[in-house]
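Everything below concerns the one structure shown next.
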Amino acid sequence: MAVEFEPKIVGFLCNWCSYAGADMAGTSRLCYPSNIRIIRVPCSGRVDPLIIIKSFQRGADGVLIAGCHPGDCHYTEGNYYARRRFAMLAPFLEYTGIERERFRVEWVSAAEGKRFSNVVTSFTDQIAKLGPRQARIGKEELV
Amino acid sequence: MPGAYAYYPGCTQESSAKEYGESTKLVCEELGIELHEIDGWTCCGASSAHTTNHLLSVALPTRDLQAAQEMDMPVAVICAMCYSRLKYASHELRDPKTLALVNEVIEKDFQNTTQVLHLLEILDKERIPVRKSLKRLKVVCYYGCILARPKKVTQFDDEENPQIMDRLVSNLGATSIDWGFKTECCGASLTLSRRDLVRDLSHRVLVAAKQAGADCIVVACPMCHSNLDMQQEGIAQQHGDQADMPIIYFTQLVGLSLGLSTEQLMFDRHFVDPRPMLREKGVI
Amino acid sequence: MIEEIQAKARELLEDGTVSCVIGYERASSGVGARPCFAYEPSDVDKFIFDNTCHNDLATYLRGLKGKKTAIVAKPYDSRAVNLLLNEKQIERQDVYIIGVVCVDDYRHKTKHARENASPDVELAIPVIYDVLIGEAVERKSRSEQAFSDVAEIEAKSTAERQEFWEEQFSRCIRCYACRQACPGCYCTECFVEQLDPLWTGIRIAPSENQLWNVIRAFHLAGRCIGCNECERVCPMNIPLSLLNRKLEQQALEMFDFRAGMDAETAPHFATFKKDEHLGIG
Amino acid sequence: MARIGVFLCYCGTNIGGVVNIPRVAEAAKAMPEVVFVQDNKYTCSEPGQLEIRNAIVDNSLDRVVIGCCSPRMHEKTYRKAVESAGLNPYLLEIANLREHCSWVHGDDKERATSKAIELVKMAVAKVSRHESLFPKEVPVTKRALVIGGGVAGIQAALDIANSGYEVVLVEKQPTIGGRMSQLDKTFPTLDCSACILTPKMVDVAQHPNIRLITCAQVSKIKGFVGNFEIDILRRAKKVDETICTGCGVCMTKCLVRTPSEFDLGMRDRSAIYIPFPQAIPLKAVIDTEHCGHFQYLKARQEGKDVPDCNICQQTCPAEAVRYEEEDEIITERFGAIVVATGFKTFDHSAYGEFGSGRYPDVISSLQLERLMSASGPTSGEILRPSDKTHPKTVVFVSCVGSRDDNKGRSYCSKICCMYMAKQSIMLKEHDPDVQSYIFYIDIRAGGKDFDEFAQRAQDEYGVLYLRGRISKIVQDGKKLIVYGEDSLLGHPVQIPADMVVLATGVEPNDGAPELAQILNVSYDTHNFFVEAHPKLRPVETQTDGIFLAGCAVGPRDIPESVAHGSAAAVKVTALFSRDTLTTDPMVSTIDQMRCVGCLACAEVCPFNAIEPQVLRDGRVVASVNESLCKGCGLCVATCRSGCANLKGFTLQQLLAEVNSLWR
Amino acid sequence: MTTTTVTPSVSREFLLEVQQQSQQNILRCYQCGKCSAGCPLAYAMDLSPRRVMRAVQLGLADYVLGCTSIWICVSCETCSVRCPREIDIARVMESLRMISIDKGFSPAEKEVETFHRVFLDVIEKRGRAFETELVASYSMGGLGTLKTSIANISLLPGMISKGKMALAPPNASGVDEVKKIFAKVREIEQRKTSGGSE
């Protein structure tokens, strides 16, 4: 690998569990790699495939979706639909040439600060190992 | 306030605990406390009576209390067992039916107004003119089970952490060490029947006293004394460690501070001779 | 067969059951076929039916919404009809389905030599119809070769796949013929043409092309009925069905769902089971 | 071109100690549309907020980004601050520089700072796409529906009615009163259940603000908080309530005898009946399943020929019997709903080892209540079912259908320990020769005077508690041999008993889950309704305007149920104290111009907030009921045309955030 | 041990007897085990005090009257003063000792029972305890087991040399009264057992 590869990871976190879980990681001062950029959404069910594919197209090295554990959804059902949606998307992304390891869905509760920092750490390491995407974006001049 | 008391020595004073009785007499003389031995006092029945027959266990001590009633003085007791039995009796007798029944048994008319005091309670009110300070002496006070228990009967002192004896010894200049075994049991009346158990229990007490860093154990009960003192040899055999822990009656300690001689206080009667220790501590 | 079709069509127009019958007529070029909208019984004479009749006629039903319409439906067209019914784009009572048994509907359309490529069960008989024309024939299952085309792509390494798709999509000229031919693509305004949010730049660049094709495919996840028109009409010969069929395969494996087989079953993205794992999260 | 102000908070050293704020500020100045940047030791402090306010005014800012602690911490505070400057409070975005940056990257200040810059950049990008949002006002229908006429429902109904609001009380049974009306005495005070309950029942009947609909249940719900439209299915009683005087002649004349539900089969009732003497309303109903006349009608349809019977109709002095009466659906509007559907006791036939109901003298605790009740089948004389003799040795078995995973009942039913103590005491009161034994696992007597009560059963009434679950009951002649272990003695015991009472646990009433589905509120694996928050919102549901009371939520005793009922009532009256409701503006919208009406969004909406709407041009499109929408955004992710959008988290805003990362 | 059958009649009877004798409401015991936890001798008992109480609650007379615990108990009262339910457990133990004697159970701790008996004999005879005689008649009278006897005798020389063994018996003028008391008590006990209540 060339110099030091700094992966850029986009994280979509549901407001009620995972975003709070990330806050918890903060309040408990649990350090994790700084590569993740967290985008707050009301529910993992709000995250549409379009924004994910878009993130990859823009050059994201990894995308993390985190929501309430199944059954704990603040909106009772949102993450169940999300689960199906991303279960379809994950292998499809791989099929179209984006490594499976670059897309991750995790359930993180508001209390699981430790778990959140672990998830981010392992995900970041995983992607760092994978190296940057052979994204064509480089070759193109973007809008 | 020196006063006059109907003195109830208890059977052991005539034999195994003579030194307790003698030291008591001497000390009280020194302090001007009049002890008038109850004429013809008899045994309180000890643990055996109340183990065997409840009525008997009340009747026997009542007989002595009644005798004291005629002397119209509060009763002074030194033996913890006797104290407990006398107290227990007067406690039971608060019930008129029991009182009537017992009076029938002893064929007397006891009113149950007679006060029962342990010598410790009496001395607690005394100013003791210390002639010989015991300041280098570090002791643990061992009250045994029945002196302070049960409070609702004895009204003696705190059940779990009595202080009265500790107060006394510190008044004498000695250091009383706080420890956890003040009211643990020594095995009591099992001395003859289940000595092995007595040795287990007494061993615990001796070890605790040693760990507390005591030079000796101060006691207020002949039975405790005999179990802790006489059994030390046997305890060593049973548990393999030699305590060499002098066991001293609080009256003997008071005696020392009043300048009485070791002979007067009969230290020679102890199985574990306290004198070397006392000498070393400059008490004698 | 064509006689029967014409007879039925005429009858429907004459007794006023429908105001229009959608069928095929010979293209002006003289070769190939094109959709034909018959409003008069006489129009029906123009009807033809042979294996040049490719268009998915269901695509036109939305346009005639509210008008009683009959359509000549090959098996995959019939699945499209179900899709549109399920998505409330047409009313059952407005549509009269002339189902046509079609032994050869599918393979003759894949321009790419993917002879083995076929769904796990080949459809010969429409899944929904008011009248069935043609001999109801048995077709053997070809499941042992199911999705072998998809398997080929999966066999590649990620890098190879990237190369493969990059090559394919770099050819895309974004003519959107695929979209026009698709019975499932009926959005008033396709995301690709929206200016706000601006999902894709209008200019032709591989990554934009890929975004377009991948998302279009995903918008058809659980909806593509496999008529394969997109691929047939693609002027740049991009094997688009490979995308759709991958998703069709996943839907089958994960949710045992296949679009358009009936009008009622909720598509997999519109429902869920509490205790399914699906290997994520 | 927006005018964005960026405010960066040091949060003492919490952020400033790690993130290089001045550098972030520098970077922020260069960001598009940013016209003002300021840092502050504590933005959340009074002066800090004031500075924001002033900055907005002085620099006529129209968007605000604050880089500080988590929005979950102070978003509301800052919205107020922004609003105080005359700006729409929703034109604010917070960059989480503390929890998501300084606190987790303290180990690398350099990276922390560059991340902070990007977080601010994202926030700026997002806020530039913010729009002013305005809460909506919806009117409130000040009528309450109470479902369930047990003590909890009664209490709720009375409290709401007494606050001056109309209440409709719907009860599935022919009478209100619920389980409490079946009880003899109540623990730990031992006052008579009926004596304290019946007055309340009468109050309900006589209250001008309460309308009572019995033999009825909710069948459909439309609308939302403040504006529910409810269908109530009222089953035909076949007796005209308005005329029936409850004289009971029909009951004496009726030829049919069938086990009484109220007395749990320990006594028979007629086919036309009044459940019990104090029933409210005191009106007869016909049980068409057993009634001779309806048997006849049924048989005739099947072409069979059985004699007709209409003796009740003939003999009714008030001529109130109406065989022809049909079920009806009553549709009414309500502003709030209280669900108090109560409980039933576990059916012990699930326990084969206890005889699964085949030993007549193994009875349920509720059956014992009926036996002890003066109005019960034995007029309060305790006679065991088999031979109507007085049982002398009675064994109680606790946790029957409770704390038993094997029976799918993992939970503690809470009331059993206490009612066993009560019943064993009452047995002694009825007959001094009775010796009761209670097999228990724990004695759960948490409550005012509860433990004293349970102890009294032992000290004063000589009830013998044995710690352990029994294993088996065997009929042995007239005796029932109970096999157990006294786990305190560490030793198996067996007790030859005359009667065994199974302390059957609490479980939700039939139809609870169905009702939950109708009302679209959630219920747990045991079919108990689920509170919005187990600690802090114990009477609310996730659906606004629908409240819970009593054992529908979980096992409760009488005082708790009453308190719970009153609590629900307060929530309702609080709701009714306002003429309109404001709704959260962060809800979905549908671009109906582009919507193709596939209604995929409606299919997935967890709150049924999306309905089809027919436009003037006849197009069918989706439309959002903003009062029902909770803003989860499922519809947004489902809609292919991008017509569904979520205010506050729009497609544009998320896309802007993503794009900003590569600008 | 075989399964115990618990029946009201039996259990009540014994329970009531113990309650009457000890004047304690044993049903108050909620089996917390604090008594056993504090008992200095529990380790040497076959039934911990808690289990003794339990057995009484269940009315298992044979089970409890034959146990060593009631004899090993030295009435140190630790249990009694600490009992959260204010039961005088030591008193219950005493009562059980008495009942077991009445019912003619052979004590599980022979020596203990013997000691108490001998002790009272001495007192009845002399009005006061005469330790020398006590030790002698207990040990040499073959009442104690050989083991304990030898152990006891082994102490004698020491005790005598230390003057801890009075050689002359005590002379308490009250001895006659004591004799009377013993007699009277027996008489009253007789009255009780022969039906007539007090």
Side-chain angles (χ1 to χ4, degrees), chain B residues 11-12 14-18 39-43 45-57 59-60 63-64 67 97 101 104-107 144-146 149-152 159-160 183-185 187-190 192-197 200-201 204 226 230 233-234 266 268-271, chain E residues 21 40-41 43-44 72 74-78 80-82 88 90 94-95 97-98 101 109-117 119-120 123 127-132 134-135 138-139 144 148 151-152 155 158-159 162-166 170 172-175 177-178 180-182 184-185 188-189 198:
Chain B
C11 312
T12 49
E14 301 188 322
S15 50
S16 61
K18 213 183 197 78
D39 183 32
W41 60 271
T42 50
C43 179
S47 51
S48 300
H50 69 88
T51 286
T52 325
N53 183 300
H54 188 246
L55 179 55
L56 187 65
S57 71
L60 286 172
R63 192 204 153 277
D64 297 297
K97 272 170 64 198
L101 182 64
E104 179 194 347
V105 172
I106 63 175
E107 296 170 344
C145 357
I146 45 186
R149 279 200 296 254
K151 182 160 189 182
K152 65 175 183 298
E159 279 171 336
E160 298 294 348
T183 60
E184 286 298 309
C185 180
S189 57
L190 292 174
L192 296 184
S193 45
R194 283 297 301 272
R195 177 163 297 135
D196 55 327
L197 299 183
D200 288 348
L201 269 49
R204 286 166 63 217
S226 64
M230 277 195 253
E233 198 53 49
M266 300 185 171
D268 55 335
R269 290 168 54 92
H270 291 240
F271 274 56
Chain E
Q21 177 68 267
L41 284 157
Y43 77 96
I72 288 176
V74 290
S75 309
C76 74
E77 302 267 355
T78 312
S80 304
V81 301
R82 291 181 188 162
D88 186 344
E94 281 162 30
S95 311
R97 289 193 278 266
M98 299 176 195
I101 294 169
E109 291 285 332
K110 196 89 196 67
E111 295 87 344
V112 182
E113 188 269 343
T114 312
F115 169 80
H116 292 307
R117 195 146 35 72
F119 187 93
L120 288 179
I123 290 169
R128 293 181 194 166
F130 178 29
E131 287 166 321
T132 320
L134 182 56
V135 177
Y138 175 81
S139 310
T148 47
N152 293 334
L155 262 181
M159 293 183 72
K162 294 267 177 196
K164 281 188 180 274
M165 281 288 165
S173 51
V175 62
E177 293 182 18
V178 171
K180 277 215 214 101
I181 291 177
F182 272 87
K184 191 78 183 168
V185 168
I188 293 175
E189 291 301 321
E198 78 278 0

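Protein chains get the first letters and strands the later ones, always in sequence-line order, with residue 1 at the start of each. All values reported here derive from a predicted model rather than from experimental measurement.
Atom CD1 of I181(E) and atom CG of L60(B) lie 5.5 Å apart (nearest 0.5 Å). Separating the CG atom in L134(E) from the SG atom in C11(B) is a distance of 10.0 Å, to the nearest 0.5 Å. To the nearest 0.5 Å, atom CG of residue L41(E) and atom CG of residue L190(B) are 6.5 Å apart.
When the candidates E159(B), E104(B), H50(B) are compared by the number of heavy-atom contacts under 4.5 Å with chain E, H50(B) comes out ahead. For the set V81(E), I72(E), I101(E), the count of heavy-atom pairs under 4.5 angstrom toward chain B peaks at V81(E). Contact count versus chain B (heavy atoms, under 4.5 Å) is highest, among Q21(E), M165(E), E177(E), for E177(E). For the set H116(E), E94(E), K184(E), R128(E), the count of heavy-atom pairs under 4.5 angstrom toward chain B peaks at R128(E). Heavy-atom pairs under 4.5 Å with chain E peak, among L55(B), L56(B), D200(B), at L56(B). Of the listed residues (G127(E), S95(E), A44(E), S173(E)), the greatest number of heavy-atom pairs within a distance under 4.5 Å of chain B belongs to G127(E). Looking only at heavy-atom pairs under 4.5 Å with chain E, the residue among E160(B), E184(B), K151(B) that has the most is E160(B). Between chain B and the residues D88(E), L120(E), V74(E), the most heavy-atom pairs under 4.5 angstrom are made by L120(E). Per-residue counts of heavy-atom pairs under 4.5 Å with chain E were compared for D268(B), I106(B), N53(B); the largest is that of N53(B).
Distance alone, capped at 3.5 Å, is enough to place a donor-acceptor pair between the S80(E) side chain and the A90(E) backbone. Without hydrogens or angle criteria, K18(B) side chain to K164(E) main chain gives no donor-acceptor distance under 3.5 Å. R149(B) places a side-chain N or O within 3.5 Å of a backbone atom of T183(B) that can act as its donor or acceptor partner. Using modelled atom types, no side-chain atom of E131(E) and backbone atom of S15(B) make a donor-acceptor pair closer than 3.5 Å. No donor-acceptor pair under 3.5 Å is formed between the side chain of R194(B) and the backbone N or O of E111(E).
Residue A49(B) touches chain E through both its backbone and its side chain, counting heavy-atom pairs closer than 4.5 Å. In this structure, chain B has a heavy atom under 4.5 Å from the side chain of I188(E), while its backbone stays farther away. Looking at S75(E), both its backbone and its side chain come within 4.5 Å of chain B, counting heavy atoms on both sides. Contact annotation for Y43(E): only side-chain heavy atoms (C-beta onward) come within less than 4.5 Å of a heavy atom of chain B. With a 4.5 Å cut-off on non-hydrogen atoms, I123(E) touches chain B through its side chain but not through its backbone. For E109(E), the part lying under 4.5 angstrom from a heavy atom of chain B is the side chain only.
For the pair T42(B)/D64(B), a side-chain contact is recorded, criterion being any heavy-atom separation below 4.5 Å from C-beta on.
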query: Where do F119(E) and C43(B) land on the side-chain contact (heavy atoms from CB on, under 4.5 Å) test, with the steps shown first?
result: CA-CA 10 Å; F119(E) 187 93; C43(B) 179; 4.1 Å; yes

